[in-house]
Amino acid sequence: MKFTLNLMAASAALALSLSAQAGEVEVLHWWTSGGEAKAAQGLKASLQAKGHTWKDFAVAGGGGDSAMTVLKSRVVSGNAPAAAQIKGPSIQEWAREGLLQPMDEVAKAENWDGVLPKVVSDIMKYQGHYVAAPVNVHRVNWLWANAEVLKKAGVKAAPANWDEFFVAAEALKKVGVIPLAHGGQSWQDFTVFESVALGVGGADFYRKALVQLDPATLGGPTMDKVLETFRKVKSYTDKNAPGRDWNLATAMVIKGEAGMQLMGDWAKGEFVAAGKVPGKDFICAAAPGTAKSFTFNIDSFALFKLKNKANQQAQRDFASAVMSPSFQELFNLNKGSIPVRTDLKMDKFDDCAKLSNADFLATAKSGSLVPSIAHGMAVPSATEGAIKDVVSQFWNNDTVTVAQTKQRLLSAAKSL
Ligand code: BGC
């Protein structure tokens, strides 16, 4: 009898301690396409392996604009998720409000400072404390192409500059395919714009115009060339582009309905999820004129302050899972990006990822590694939104002139 009672007490204590440890992590993200969802699944699995519950808070919409709107209303109503996909300068904006939870204990124990490039750890810290955990490095300045379609059109290699791009686009048009797959949503217009700006103007121009918002550069003659080229690129998209999601544009390239797409390497996640092989079925190349530069876009999860002890522990375990070598490898194989840790081997990755990795390191040294403005890495979110609107208006309305747009860019840059 005594033994049975002891046993009951022991199992009650065990149940209590397990339930005290097991928490829930609600995660806000916008990874809903095929490749993205597959990648996110790995994160959920690693958290569940630690005994916690994953509460999915997915808000569809490429580029995350809708997710950010929903996040704001949730936080305003005092109901922040444990982790939210927040990037770049926005991390600072949320931290300044006093809403983010420092993760120094985990970061220190796992030596985040030692394994992250400084350009990354600086973004994750607020006043010297880690308040976000990075997942990957996406490169934005990519061009994706259907290998067979290019061959059919007689295009021997991916265009290395914008002149070659237009020659290839003409050739694709002649064989009856849409030269450039595009989804007409403002963040996608902006994604194409930044690659054109980088390819036409180079990394120094890009940095001065789109990171430092230097008025002389924003309003200078190179911007004329950028905008003219950008408008010409649009003439090679199809009339059904408005409103189309980015992954549907990628699917057009996968199916051979379109020849090329200008998009960050989350597009590779779609090719891979469709069973396509780089170098054989599809080609990845730096966007025209950008082979020696790199626009980076780092996905990260900012961690919100929580009250519940078990959930706090689950949140720490989440941060640790995000940075773990095994998760970083698996996630990035599916996501199209590269691990953010510098101590991982790249042998399991394909040639696109290996090129990205080599270029990330090389451009960090050469000074042509620049933050993506279209993906929240370069300027405060309000400024980004204002510039994005100007770019989209120019893309969508042919009566808006280059001169007008330069003026609007200058006012948008001052809109803080
Ligand atoms: C994010 C990617 C995502 C893409 C499309 C980007 O801003 O960084 O993780 O796949 O948007 O939604």
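Order of appearance sets the numbers: ligands from 1, and atoms from 1 within every ligand. Positions are given from 1 along the sequence. Predicted model, so just to flag it, every value in this text is computed and none were measured.
Of all atoms in ligand 1, numbered sequentially from 1 with element shown, those under 4.0 Å from a heavy atom of W246 are 5 (C), 12 (O). Close contacts between ligand 1 and N297 involve ligand atoms 1 (C), 6 (C), 7 (O), 8 (O) [criterion: under 4.0 Å to a heavy atom]. When each atom of ligand 1 is checked for a heavy atom of G62 under 4.0 Å away, the hits are 12 (O). Using a 4.0 Å cut-off to heavy atoms of G63, the atoms of ligand 1 that qualify are 5 (C), 7 (O), 11 (O), 12 (O).
Taken to the nearest 0.5 Å, the CG atom of D265 stands 9.0 Å off from the SG atom of C284.
Considering each of E36, Q85, H375, the one bringing a non-hydrogen atom nearest atom 5 (C) of ligand 1 is E36.
A centroid separation of less than 6.0 Å is found between the aromatic rings of W94 and F304.
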_Walk me through whether Y130 and W112 qualify under side chain to side chain contact (heavy atoms under 4.5 Å, CB included)._
CA-CA 9 Å; Y130 279 97; W112 291 10; 3.5 Å; yes
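Cation-pi geometry between R139 and F360 is not satisfied (NZ or CZ under 6.0 Å from the ring centre, within 45° of the ring normal).
No donor-acceptor contact under 3.5 angstrom links the side chains of N136 and K335, judged on distance only.
The only member of V140, V370, T363, L198 that meets side-chain contact (heavy atoms from CB on, under 4.5 Å) when paired with F294 is T363.
Under a 4.0 Å heavy-atom criterion, G64 is not in contact with ligand 1.
Ranking the protein heavy atoms by distance from atom 9 (O) of ligand 1 puts D299 OD2, 2.7 Å first. Here the heavy atom of the protein found nearest to atom 2 (C) of ligand 1 is K335 NZ, 3.5 Å.
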